Every structure is written in C-alpha cells, then in structure tokens.
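Before any comments, here is the structure.
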Amino acid sequence: MRFIIKENGKILVKNIDLNDCCLDNLIPNQTEKYFCNKKKEFRRRGIFKKGDIEVLLCINEAVDSTRIWKSKAILLHDFIETFKDLKIELSKDFITIIDRLTHNLKKYNAHCIQASENILDPYSNSSGTKSQIDTIKSNITQNVSKSSSSLLKIIKNNKLIQAELSVYDRLYKFNNEKLEKLSHSIHRLIKATLSAFWDSFIENNVVVEIENCYDEVNVDYETITVALVHLIDNCTKYTCPHSTLNITFRKLNAKQLIITFKMLSLRIYEFELDEIFNEGFSGELSCSLGLNGSGTGMYIIKNFIELNGGILNLKIDTNHSKNMKYNGSEYEENIFEIILPIT
Amino acid sequence: MNILNWFYKKPNIPQRSLDDIKRVTKILFIDDIKFEVVEKISTNGWRQCSRVKDIEDLDHADVEKTHIFFVDIQGVGKKLNFPDEGLGLARALKEKHPSKAVILYSSEGKRDIFDNTLSIVDARIRKNADTYEFLKLAEKFANQAFSLDECIQRIQKLVKDETGEFLELSLIKTNLLKVQNKGEIDSEKVLKAFKVTAQSGSIIGTIIKTFLTHSVSP
C-alpha cells in the first residue's frame with residue numbers, strides 16, 4: 001500500500017518517494033486500475049477527498065474492487081483525522097512547556113536587569129566606554145553593600161536561568177544524552193550552590209550551618225546542581241525568618257551518603273506528602289502566601305536526584321513539637337534527606 | 001645493584017601528581033569567538049591551554065601536540081569545509097587521532113541530538129556550563145593520558161576488546177618499557193608485546209608514547 005496524505009494541499013504523511021510516484025494528476029474521488037511499470041503488476045490508484053484531507057492511495061490487492069480500495073482510503077482518512085487532534089493536543093502541551101520556560105526566564109531576567117541597573121543606570125549621563133567604567137567604579141565604591149548584594153542577585157538569577165535551561169533540555173526535549181558521572185566533593189557542590197543564594201538568606205535573617213564533609217559522590221554535575229539549586233531556592237523562600245538551616249552529612253553505609261537539610265519552614269500538611277513531588281503541585285500554605293511557583297520545583301528535585309541514582313526523602317514533624325507562627329503563617333520542622341552514591 | 005647501571009640512563013615509569021599532569025597537558029579550544037572559560041582554565045594551573053579560531057590542517061604540529069580538544073559545534077570546521085561545522089571537525093579529529101580526547105560543546109541542542117558524532121567523541125558539554133565542569137572534564141581526560149593507572153586501564157580495555165584476553169598490570173608495566181627503542185616507540189614491538197592487530201597496536205603505541213615522552217618540566 002502506497003499513499004500520500006495531504007491537508008489543504010500540504011503533505012502530512014507519505015510512504016512513497018515523490019520523485020518516483022505516479023499518484024500525480026489523478027482526478028479526486030475517482031479510482032482506476034492500471035499496470036504499474038515499475039512494480040510490473042496491476043494496481044489500483046486514486047484520490048479520496050473529504051474535507052481538508054486528501055488521500056492519494058495505490059494498492060496491489062483486490063485491484064478489481066473499487067469497494068476495497070475505498071474502504072482502505074476511508075480508514076486512512078479517519079486515522080489522519082484523529083491524528084490531527086493528537087497533533088493539536090501535542091502542540092498545546094508543548095506550548096505549555098515553552099510558556100513556563102519563557103515565563104521563568106523572563107522573571108529571572110527581570111531580576112538580573114533590576115540588579116544590574118543598581119550598579120549602572122543605563123540612562124545616566126555618562127558617555128563613552130571609559131566614563132561608563134568610571135561611573136560604575138564610583139557607583140560601586142559609593143554603595144558597596146548595595147552593589148555587592150546586586151551582584152549576588154545577578155549570580156543567583158543566572159544560576160536559576162542555567163537550571164531552567166537544563167531542566168528544559170533534560171525533561172522536555174527527548175534528550176537521551178548520557179550523564180557525565182564524575183567524582184565530586186559534595187561539600188563543594190553544596191557550598192558553590194549556596195553561595196549564589198547568600199543574599200536571599202541574609203534578607204530573611206536565616207543562618208545556614210553546614211557541617212564539614214570530605215566525602216566524594218559519584219554524580220552528574222549538571223543535573224545534581226539543578227536539584228540543589230531548586231532545593232536551596234525553596235529553602236530561601238520557605239524557611240522561617242530568623243531561623244537556622246542545618247546541613248549535615250552522614251554515611252549510611254560504604255556506598256551511600258545521606259545529606260540532611262533540616263529547617264523550620266512553612267508547614268507541609270500530612271495529606272500533601274503524597275502529592276508534593278508531583279508535577280504542577282503547590283502546597284496550600286505556599287499558595288496562600290503567594291510564594292508558589294509553577295509547582296515543578298519538588299518534582300524536579302526528586303527527578304534529578306533519582307537520575308543520579310539517588311533518593312529524596314521528606315520527613316515532616318508529625319508530633320508538631322516545633323510548630324510555631326510567624327507573621328500569621330505556620331512553620332514546622334521539615335527535613336529533606338538526599339541519599340547519593342559515594343565514589 | 002650493578003654498578004654498570006649507574007652509567008646508563010635508566011628508563012623508568014613516570015609517577016605524576018595532578019599538578020604534574022596539569023603542567024604537561026596541552027588543551028586546545030577550537031572556537032571562532034572568544035570564550036572566557038579558556039582563560040579561567042589557564043589560571044587554574046593548566047598552563048598549556050589556548051584557543052584557535054579554526055583548524056586548517058589535521059596534521060599541523062599544534063594538533064599533533066594537543067592532548068585534549070574542546071570543539072565548539074558552531075562556527076568552526078569551515079576551513080576544512082565540513083558542512084556540519086564542529087561536528088565534522090570533531091569526527092575528523094577523532095578518526096585521525098583516536099587516542100586524543102575530543103569534547104564537543106555547544107549552546108544548541110536540537111540539531112545534533114541524533115547525530116552519531118556524539119557517540120564517537122569522548123564527551124559533550126553545554127556552553128553555559130560552569131567553568132568547574134570544564135575543569136573536571138580536562139582533569140578526567142588528562143588523567144587518561146598521563147596517569148599510569150588510567151593508561152594501563154585503557155590498554156587493558158583495548159586488548160580485551162580485541163583479543164578477549166585480560167593482561168595483568170605487571171605485564172603491561174614491563175611491556176611499557178620494552179616497546180621503546182632509543183626513545184621512540186617501536187610499532188613492531190608493540191604488536192609483539194600486546195599481540196594485537198595494527199589498528200589497536202597503533203592506538204596503544206600512541207597512548208604509551210604520550211604517557212612516556214612528556215617528561216615533567218621543572
């Protein structure tokens with residue numbers, strides 16, 4: 001069976017080479033038996049047209065029967081009709097992904113622009129490169145702390161942009177590229193990621209205490225960093241102001257290391273535990289405070305840790321022993337445990 | 001110890017620290033546009049790291065001397081007329097110099113995901129990766145060229161893939177010195193010592209040559 005299926009004259013699918021095809025110049029909704037010189041056999045060919053869709057079909061079975069030819073053509077037509085719907089659905093999904101990507105990139109980019117304008121106002125009166133550098137120099141020296149925190153904001157948002165692009169590449173682009181698993185100092189990885197978020201911790205008066213650790217883990221830097229960026233970004237958003245984030249390390253056995261992030265953060269209800277790692281889920285309290293994002297954070301953290309042969313556990317305090325209220329919001333002790341393979 | 005040994009320059013197997021390896025490894029970036037990472041790698045102790053805009057000749061001395069290539073997918077390979085730019089160049093480098101490491105980097109993903117060049121090159125990295133990731137890759141492949149353990153593992157794998165035989169570490173160590181002749185690698189001796197075909201033999205020869213001949217500069 002050879003066919004070309006067109007929609008409004010545009011080819012949708014075909015299983016025949018156009019240069020080597022005798023389906024041109026046929027009259028719509030007519031069929032004919034003919035001798036194919038290439039295949040050296042009798043065949044039946046014709047065009048079945050319904051709505052926007054045109055099925056150009058050539059078969060070699062039951063060549064004397066118009067009925068069989070037509071039933072095959074209708075089958076193809078109906079299949080393509082459903083395929084058209086599927087295509088629309090797929091492109092809708094794709095648009096949602098792209099919308100989310102561009103929305104997040106715009107948000108981070110906006111932070112970068114605002115922070116860089118703190119260092120240099122592009123509309124200031126300076127002219128020429130040299131005077132511009134002088135202007136920046138004097139801006140920085142006049143507002144050392146503001147400039148430093150602006151730089152940190154730029155670094156943080158660049159990290160978030162980088163993570164966002166990695167997520168897009170890994171999760172949504174049918175990317176089957178293999179991971180580059182190498183030995184990395186886990187302490188160094190966490191410190192490097194944390195350093196991009198200092199400004200946010202300082203803003204909320206959150207103290208970060210990180211234990212020493214000399215163990216190396218066997219992970220892919222790109223994906224594990226994405227998980228850490230999202231986890232730490234969540235910590236900056238949900239940890240109770242004036243509290244402490246504790247990061248500790250413990251060997252589970254010779255092959256696995258547990259990294260524990262213990263914090264006093266926005267309460268996670270027990271009924272939310274089953275759903276919290278699902279794509280698109282945002283916690284009740286985080287929504288009520290308007291802190292929720294697109295609900296992909298936890299999903300990404302878990303997914304990317306598992307890509308690295310790791311495990312993510314969330315432990316909430318079921319005794320509510322440290323339950324407290326700050327500015328009207330409820331906080332509790334939450335523990336995130338990441339288990340990673342030791343090198 | 002035989003006193004006569006004192007008069008001969010005794011060939012020995014170099015033991016190198018990471019700092020030694022960093023000093024001898026030559027890294028070449030092929031990128032038509034200035035790339036800050038190149039400078040950062042140099043300041044991290046990799047003294048022989050540089051960038052060229054393109055490669056005109058695969059046999060050029062600079063190519064010959066390089067141990068690790070970082071090839072940008074876009075904008076290079078034009079001088080050798082590769083229609084797929086960096087991919088073609090990376091493929092040609094790997095074919096010409098199978099024992100050298102070739103790493104592709106790009107800011108684009110779609111065009112080349114299904115290209116088989118990706119399975120030929122040694123690694124692939126995003127252009128927007130942290131400098132640390134580039135450094136880690138440089139370290140990985142420099143170790144493959146200059147650390148004794150890794151060279152032995154590479155040779156073991158090549159021999160095993162071809163003959164199915166697993167060569168003991170001590171045997172490879174002895175062979176490393178045996179295949180030399182007046183400071184040069186004798187390809188006949190390589191074939192004899194490792195019992196492999198000319199193709200693998202030439203790769204093994206290059207691995208040994210690189211490993212032995214780059215003495216540590218003070």
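A note on names: the letters A, B, ... follow the listed sequences, proteins ahead of strands, and every chain is numbered from 1. Fair warning: this is a prediction, and the values are worked out from it, not measured in the lab. What's counted below: heavy atoms across the whole structure, side chains too, no hydrogens, waters or symmetry copies.
- With a 6.0 Å cutoff to the six-membered ring centre and a 45° limit on the axis angle, B:R154 does not count as a cation-pi contact of B:F211.
- For the residue pair A:S200 / A:T236, no side-chain donor-acceptor distance below 3.5 Å is found, with atom types taken as modelled.
- Within residues 153-167 of chain A, the residues approaching chain B closer than 4.5 Å by heavy atoms are, in numerical order, A:K159, A:Q162, A:L165, A:S166.
- Heavy-atom distances place both the backbone and the side chain of B:K136 under 4.5 Å from chain A.
- Taking the six-membered ring where the residue is Trp, the centroids of A:H230 and A:F304 are separated by 6.0 Å or more.
- By the side chain to side chain contact (heavy atoms under 4.5 Å, CB included) test, B:K53 pairs with B:R51, sequence neighbours left out.
- Counted by atom type alone, A:T248 and A:E211 present zero donor-acceptor pairs between their side chains at under 3.5 Å.
- Salt bridge annotation for B:K157-B:D161: present, with a cationic side-chain nitrogen under 4.0 angstrom from a carboxylate oxygen.
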